[in-house]
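Only one structure is covered here, and it is reproduced in the block below.
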Amino acid sequence: MTQNVVEKTPVTLLGLGAMGTALARTWLAAGHPLTVWNRTPARAAPLAAEGAKAADSAAEAVAANALVVVCLLDDSSVQDALAGTDLAGRDLVNLTTGTPAQARDRAAWARERGARYLDGGIMAVPPMIGVEEAGGYVFYSGSRELLEEHRETLAVPAGTVYVGQDAGFAALHDVALLSAMYGMFAGAAHAFALIRKEDIDPTSLAPLLADWLVAMAPAVHRTADQLRSGDYTQGVVSSLTMQVAGAPGFLSTAEQQGVSPELLSPYFALMRRRLAEGGGEEDLTGVIDLLVR
Ligand code: NDP
């Protein structure tokens, strides 16, 4: 009897923190030969017991396989880890969170050393890794060829979303989404602060808040359409004039509830500025132009 065994791409992984360990386990479970290295060797022991090969040095790990994934704390730890390695002919995939500028510099640095480079921004937390229904994915930018060649392997831990040849774009998308998330958390913080001293159970507000944020989220599509067309009055349902008229009510409610307006005020200030510049027929898109320097 003959058996067709499909060889799985071998992977080298540098970095076995919370995220690196989660990534490692998915490749092992999917049958990919895996070589791992971590600065603190003890963290490799459980993975070695599960079938990974633990390299004694980063150089040895990089030499083991063409596909090298790094998931370290920050860009300077990537520099430290890769300093003594030979990257010639390697496909370097950097899943370490960093800035767009760091990614672009790292891409040039890798190219000078003869490696193809793909940068990644992970939109997931470790428990989502390898759990398809959790919806986690990684933004990738840089070498499209590298991604196409290794997409199947890279898709094992999480979905793959390619956002462009510019190596900095994955980090830029990552930061853009997380920045929006912080805006949402800031709004929720203000909402909870408003009811904090009242006889209102925060757990009864939470589902209302979550549903409202979900209902409002699609507004970003209208914003994008307006930015693309340049017509910020297109499809407006809540004019800036109306929204600025309502702003004092938000601020006086905060005052009455003994809540600092420091999260809300800067946004209202921008809305007022845009209104003063003649944006009354728009909704909130004009604020974006005030932010771009
Ligand atoms: P951890 O803090 O758990 O692990 C950090 C890793 O970096 C460890 O392997 C550590 O090695 C290594 N490291 C730190 N400094 C150096 C150095 N100078 N030289 C060599 N190795 C070093 O972080 P995570 O695994 O959680 O995160 C890894 C990356 O993934 C980060 O960039 C993070 O932003 C990103 N990420 C993490 C998410 C999360 O929820 N955890 C979510 C999305 C992205 P040692 O064991 O020796 O300390």
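Because only heavy atoms are used, hydrogens play no part in the values below, and waters and symmetry mates are left out as well, while side chains stay in. Whatever order the structure lists ligands and atoms in, that order sets their numbers, starting from 1.
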- prompt: Is it the side chain, the backbone, both or neither of Arg43 that has a heavy atom closer than 4.0 Å to ligand 1?
  reply: side chain

query: Out of Leu73, Leu178, Asp80, Leu82, who gets a non-hydrogen atom closest to atom 5 (C) of ligand 1?
result: Leu73

Heavy-atom nearest neighbour in the protein, as seen from atom 16 (C) of ligand 1, with distance rounded to 0.1 Å: Ser77 CB, 3.1 Å

Between Ser77 and Asp74: side-chain donor-acceptor atoms closer than 3.5 Å: yes

- request: Name the closest protein heavy atom to atom 11 (O) of ligand 1, giving the residue it belongs to and the distance to 0.1 Å.
  value: Asn38 OD1, 3.7 Å

message: Using a 4.0 Å cutoff against the non-hydrogen atoms of Pro126, which atoms of ligand 1 qualify?
response: 39 (C), 40 (O), 41 (N)

- request: Assess the side chains of Ser229 and Gln234: does a donor N or O sit below 3.5 Å from an acceptor N or O?
  value: yes

- request: Before accepting this row, confirm whether a basic side-chain N of the pair Glu60/Lys53 lies closer than 4.0 Å to the acidic partner's carboxylate O.
  value: yes

- request: Please state whether Ala124 comes within less than 4.0 angstrom of ligand 1, counting heavy atoms only.
  value: yes

- line: Residue, atom and distance of the protein heavy atom nearest atom 47 (O) of ligand 1 read Thr40 OG1, 2.5 Å

- request: For atom 29 (C) of ligand 1, state which one of Thr96, Leu72, Ile122 supplies the nearest heavy atom.
  value: Leu72

- request: Using a strict cut-off of less than 4.0 Å between a Lys/Arg side-chain nitrogen and an Asp/Glu carboxylate oxygen, indicate whether Asp86 and Arg113 qualify as a salt bridge.
  value: no

message: Ignoring hydrogens and geometry beyond distance, is a side-chain donor-acceptor pair present between Asn94 and Thr96 at under 3.5 Å?
response: yes

- prompt: Who's the nearest protein heavy-atom neighbour of atom 25 (O) of ligand 1, and how far?
  reply: Met19 N, 2.8 Å

task: Have a look at ligand 1 and work out which part of Asp74, if any, has a heavy atom under 4.0 Å from it: side chain, backbone, both or neither.
output: neither

Those atoms of ligand 1 less than 4.0 Å from some heavy atom in Leu16: 9 (O)

message: Whether Arg106 and Asp75 form a salt bridge (side-chain N of Lys/Arg under 4.0 Å from carboxylate O of Asp/Glu) is what I want to check.
response: yes

- line: All heavy atoms of Ala171 vs all of Pro100, minimum pair found to be CB-N, 3.7 Å

- prompt: Do you see a donor-acceptor pair shorter than 3.5 Å between the side chains of Thr285 and Gln226?
  reply: yes

query: What protein heavy atom is closest to atom 48 (O) of ligand 1, reported as residue, atom name and distance in Å?
result: Arg39 NH2, 2.9 Å

query: How about Asp91 and Tyr117: does a side-chain donor come under 3.5 Å of a side-chain acceptor?
result: no

message: One thing to verify: whether Lys8 and Glu152 come together as a salt bridge, which I'm taking to mean a side-chain N less than 4.0 angstrom from a carboxylate O.
response: no

- request: Can you figure out which of Gly98, Ala83, Cys71, Ala58 has its heavy atom closest to atom 30 (O) of ligand 1?
  value: Cys71

message: Looking only at protein heavy atoms, which one is nearest to atom 33 (C) of ligand 1, and what is the separation?
response: Thr97 OG1, 3.4 Å

task: Please write down residue, atom name and distance for the protein heavy atom closest to atom 4 (O) of ligand 1.
output: Gly17 CA, 3.3 Å

- prompt: Among protein heavy atoms, which lies nearest atom 3 (O) of ligand 1, and at what distance?
  reply: Ala18 N, 2.9 Å

